[in-house]
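Worksheet: the structure to be examined is printed underneath.
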There are 2 protein chains.
Amino acid sequence: MITETKINLSEQTRERLLAAARLVFSKNGFQNATVREICRHAEVNIAAVNYYFSSKEALFAATLNFEPLLALCKETSQSPICAQVRLLNFIHDFLIQLLDKKEFSVQCQFMARELAEPTPVLEKIVQEAIVPIHQFVANLVREIVGEQISEAELRRCVFSIFGQCVYYRHGQPVIQRLHPNLSYDHKEIEAIAKHIGEFSLAGLKQFAQNKCP
Amino acid sequence: MITETKINLSEQTRERLLAAARLVFSKNGFQNATVREICRHAEVNIAAVNYYFSSKEALFAATLNFEPLLALCKETSQSPICAQVRLLNFIHDFLIQLLDKKEFSVQCQFMARELAEPTPVLEKIVQEAIVPIHQFVANLVREIVGEQISEAELRRCVFSIFGQCVYYRHGQPVIQRLHPNLSYDHKEIEAIAKHIGEFSLAGLKQFAQNKCP
DNA sequence: AAGTGTATCAAACGTTTGTTTTGAAGTAAA
DNA sequence: TTTACTTCAAAACAAACGTTTGATACACTT
């Protein structure tokens with residue numbers, strides 16, 4: 001009994017540390033986040049980071065969770081609905097992962113962070129999350145526009161879609177100053193998703209040889 | 001005569017410092033760039049930064065030069081050619097400023113940097129460069145699609161265009177790992193500009209009420 | 001010739017960073 | 001009770017950062 005309590009307590013510290021790390025890392029990025037702030041937020045001692053995770057970098061790696069992102073790739077891949085709608089759904093869900101603070105998507109926001117400021121963990125992130133998700137969208141695009149598209153054009157189409165989405169998170173410091181009244185509530189996210197979806201489908205249409213009715 | 005030599009020499013150190021700062025800042029961003037690396041690169045003493053610029057932050061501010069960016073807004077604004085072509089030209093020139101290393105555009109790359117990692121100078125950058133350039137593209141878009149477009153939709157169109165462009169610079173660490181053989185030579189930049197231009201025009205077309213022949 | 005101001009330098013300053021050590025407190029086993 | 005182990009907090013650690021200092025050399029003025 002007492003052992004279990006002890007374990008629960010130590011697990012609690014570990015979990016509190018993980019939760020605080022996710023928060024601080026996603027707010028400040030890897031470099032700017034400090035171990036002290038994480039520990040202060042988790043209300044544990046500074047040494048706990050190295051005790052439980054042996055290093056700041058390992059703690060960062062431990063906070064990574066690609067499941068929500070990878071789930072976006074799986075759920076619609078075998079669907080009977082046409083590729084256009086599946087792309088719209090993906091953009092919508094991806095934006096929610098990226099922008100909605102009510103989602104437990106804080107982990108996903110690392111990706112956007114890492115784009116600008118590479119850390120030693122970037123390689124893992126690219127291989128385990130970004131490659132699959134880019135491949136997924138590439139397959140969707142190819143399904144929409146047909147097989148005759150070149151590799152280079154296909155790549156640029158995928159970049160155009162991701163570029164539009166990521167800009168809202170990546171450019172937030174600027175957007176906030178450009179449009180101080182703009183906040184990413186659920187309604188706004190829906191509108192953004194609708195816009196990017198239609199904008200991209202129109203952009204893709206010129207490459208298409210066969211269209212979805 | 002001897003005074004001039006002295007002045008020239010001291011001006012040389014100041015200029016070398018500025019050049020090195022531009023290089024290091026654009027490579028590592030403000031936070032990750034160190035005064036020591038800048039001085040080592042400029043082959044001057046560490047104290048020179050504070051002697052000539054009084055602080056690292058002031059040195060950073062001194063390296064900013066918005067003229068190449070603002071020039072993009074001016075040169076085509078009074079042109080007789082239609083808005084679609086002017087938008088294509090802008091995207092092309094903007095991408096060259098953003099991606100071409102042969103351009104003296106290193107200064108422009110700060111902007112993309114700052115998006116992710118705000119520094120105290122961000123406010124100045126937004127007000128003096130990003131606001132005008134966004135406004136310029138917003139005017140182009142409004143000219144293309146007509147006056148009936150809502151403010152929110154207009155804003156999202158502008159974001160879509162900038163998002164596509166900036167992604168190539170901002171996502172470079174990731175893109176490099178996704179496609180190791182891809183490099184931004186002049187030919188590739190032309191292709192990217194062509195793609196983003198056509199992609200965006202197609203996206204805008206659905207909002208348009210009057211079209212350019 | 002003595003004095004003035006500027007440019008440069010090596011060295012050190014005070015912080016802040018991630019990490020490590022030390023030891024106290026509590027629990028489980030002998 | 002004694003022994004061994006886990007948990008964790010305070011303190012100390014080495015390294016790196018931006019910045020400051022005081023000395024030195026030089027060109028110029030008076």
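So that the names make sense, note that chain A is the first sequence line, chain B the second, and so on, each numbered from 1. Note that these values count all heavy atoms, side chains included, but never hydrogens, waters or copies made by symmetry.
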**Nearest-neighbour nucleotide for the A/Val44 side chain, D/dC8, D/dA9, C/dT8 considered** = D/dA9
**Asked** Listed by chain and number, what are the side chain to side chain contact (heavy atoms under 4.5 Å, CB included) partners of B/Glu123, not counting sequence neighbours?
**Response** A/Arg177, B/Gln127
**Prompt:** Atom CZ of B/Arg16 and atom C1' of C/dA7: how far apart are they, to the nearest Å?
**Reply:** 12 Å
**Item:** A/Glu198: side-chain hydrogen bond (donor to acceptor under 3.5 Å, both in side chains) partners, not counting sequence neighbours
**Value:** A/Lys194
**Non-neighbouring partners of A/Glu67 that pass salt bridge (charged side-chain N to carboxylate O under 4.0 Å, His left out), sequence neighbours left out** = none
**Item:** Separation of atom CZ in B/Arg40 from atom C1' in C/dA10, rounded to whole Å
**Value:** 16 Å
**Message:** Please report the distance, rounded to the nearest Å, between OH in B/Tyr52 and P in C/dT6.
**Reply:** 11 Å
**Asked** According to the interplanar angle, ranging from 0 to 90°, do the rings of A/His195 and A/Phe199 count as parallel (below 30°), tilted (30 to 60°) or perpendicular (above 60°)?
**Response** tilted
**Message:** Just to verify, what does A/Tyr168 make a ring-ring contact (aromatic ring centres under 6.0 Å, His included) with, not counting sequence neighbours?
**Reply:** B/Phe159
**Asked** Can you tell me how far P of C/dC9 sits from CD of B/Glu43, to the nearest Å?
**Response** 10 Å
**Prompt:** Through what angle, rounded to 10 degrees, does the axis of the helix from C/dA1-D/dT30 to C/dA30-D/dT1 turn between its ends, using five pairs per end?
**Reply:** 30°
**Complete:** Those residues at least two apart in sequence (or on a different chain) that pass salt bridge (charged side-chain N to carboxylate O under 4.0 Å, His left out) with B/Glu153 are B/Arg156
**d(CD, B/Glu15; C1', C/dA7) in whole Å** = 16 Å
**Request:** Between protein and nucleotides 10-23 of chain D, map the contacts as a letter string: B base, S sugar-phosphate only, - none, heavy atoms under 4.0 Å, written 5' to 3'.
**Result:** B------BBBBB--
**Request:** Measure from CZ on A/Phe25 to C1' on C/dG18 and round the result to the nearest Å.
**Result:** 11 Å
**Request:** Tell me, please, which residues at least two apart from A/Ala33 pass side chain to side chain contact (heavy atoms under 4.5 Å, CB included).
**Result:** A/Val24, A/Phe25, A/Asn28
**Message:** Restricting to side chain to side chain contact (heavy atoms under 4.5 Å, CB included), what partner residues turn up for A/Ala42, sequence neighbours left out?
**Reply:** A/Arg16, A/Leu17, A/Ala20, A/Val44
